[in-house]
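Worth saying up front: this structure is predicted, and the values here are computed from it rather than measured.
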Amino acid sequence: MNPENNTVMAENKSFWRKHFFPFVRKNLLVIILALVVVFTYSWFSIKVKNIKSKNEEEKVRLITKFQHEKDSLNLKNLEFASRVFSWAIRSEMLRNNIENLNQLVTVFVQQSNADVVNIIDASNNIIISSDKKVEGTTFDDNILANLTKTIVEQDVDKSIIYTPIMGFNSKLGVLVVIVKK
């Protein structure tokens with residue numbers, strides 16, 4: 001071995017023996033407490049980070065659940081309102097009062113969150129609509145033929161409520177309420 005290396009190693013050992021180990025022995029309690037503080041801080045930081053991420057996931061889940069329940073409740077309320085509204089339409093259709101039907105449709109669209117309301121007669125013609133461009137056109141949907149109770153169809157972007165308007169002996173028409181999401 002090289003004698004110079006031996007002297008450097010001897011000096012390093014003497015440094016550790018003379019300065020570091022006595023310092024550690026004198027301040028052992030302080031060093032242990034400092035390590036405990038660092039370890040505790042690190043552990044709690046990791047724990048807080050995990051709790052924050054779990055809370056964020058729970059928050060997103062609750063918001064999604066609430067939004068879904070709110071939309072479902074709004075749709076149920078609109079379904080009930082359209083069923084009751086169909087009774088008013090029935091009485092006006094039996095009287096052949098088209099002007100009053102127009103007013104009823106206008107008020108229904110204003111008061112509910114419906115986007116489009118169509119009243120379709122027994123021959124699938126749109127007689128009254130909140131969208132005046134489609135009045136007088138034929139409504140092409142096979143669901144209207146055997147409709148005897150209120151049906152709700154849900155798509156990604158809209159919900160459609162079909163409510164039959166029943167006369168004394170036959171079906172007078174169908175009320176179609178479209179709600180965009």
Is the shortest heavy-atom distance from the side chain of [X] to the side chain of [Y] under 4.5 Å?
{"X": "Glu79", "Y": "Thr163", "value": "no"}
{"X": "Asn102", "Y": "Val105", "value": "no"}
{"X": "Val174", "Y": "Ile165", "value": "no"}
{"X": "Val30", "Y": "Leu28", "value": "no"}
{"X": "Ile128", "Y": "Glu135", "value": "yes"}
{"X": "Met166", "Y": "Leu172", "value": "no"}

(message) Hydrophobic clusters here meaning ILVMFWY residues chained together by side-chain heavy-atom distances under 4.5 Å, can you tell me if Trp87 and Leu147 are in one?
(response)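 Not linked; separate clusters.
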Rounded to the nearest 0.5 Å, what's the gap from [atom1] on [X] to [atom2] on [Y]? Could you check?
{"X": "Lys76", "Y": "Ile161", "atom1": "NZ", "atom2": "CD1", "value": "10.5 Å"}
{"X": "Thr138", "Y": "Ile126", "atom1": "OG1", "atom2": "CD1", "value": "8.0 Å"}
{"X": "Leu101", "Y": "Thr106", "atom1": "CG", "atom2": "OG1", "value": "10.5 Å"}
{"X": "Phe85", "Y": "Phe80", "atom1": "CZ", "atom2": "CZ", "value": "14.0 Å"}
{"X": "Glu69", "Y": "Leu62", "atom1": "CD", "atom2": "CG", "value": "9.5 Å"}
{"X": "Ile160", "Y": "Leu75", "atom1": "CD1", "atom2": "CG", "value": "11.0 Å"}

(request) Using the ring pair (Phe, Tyr, Trp, His ring centres under 6.0 Å) rule, collect all pairs that involve residues 46-65, keeping only residues at least two apart or in two chains. (result) none
(request) Among residues two or more places apart or on two chains, list those pairs meeting side-chain hydrogen bond (donor to acceptor under 3.5 Å, both in side chains) that have a residue in residues 35-60. (result)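 Counting only pairs at least two positions apart or across chains, the side-chain hydrogen bond (donor to acceptor under 3.5 Å, both in side chains) contacts touching residues 35-60 are Glu58-Arg61.
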(request) Check whether NZ of the Lys or CZ of the Arg Arg90 lies under 6.0 Å from the centre of the six-membered ring of Phe168 and within 45 degrees of that ring's axis. (result)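 Here Arg90 passes the 6.0 Å and 45° test against Phe168.
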Donor-acceptor pairs are to be reported for all side-chain atoms of residues 107-123 against protein atoms at under 3.5 Å, with residues two or more places apart or in another chain.
{"residue": "Ser112", "atom": "OG", "partner": "Phe108", "partner atom": "O", "Å": "2.7"}
{"residue": "Ser112", "atom": "OG", "partner": "Ala114", "partner atom": "N", "Å": "3.3"}
{"residue": "Asp115", "atom": "OD2", "partner": "Lys180", "partner atom": "N", "Å": "2.5"}
{"residue": "Asn118", "atom": "OD1", "partner": "Ser129", "partner atom": "OG", "Å": "2.5"}
{"residue": "Asp121", "atom": "OD1", "partner": "Ser123", "partner atom": "N", "Å": "3.2"}
{"residue": "Asp121", "atom": "OD1", "partner": "Ser123", "partner atom": "OG", "Å": "3.1"}
{"residue": "Asp121", "atom": "OD1", "partner": "Asn124", "partner atom": "N", "Å": "3.3"}
{"residue": "Asp121", "atom": "OD1", "partner": "Asn125", "partner atom": "N", "Å": "2.8"}
{"residue": "Asp121", "atom": "OD2", "partner": "Ser123", "partner atom": "OG", "Å": "3.4"}
{"residue": "Ser123", "atom": "OG", "partner": "Asn125", "partner atom": "ND2", "Å": "3.2"}

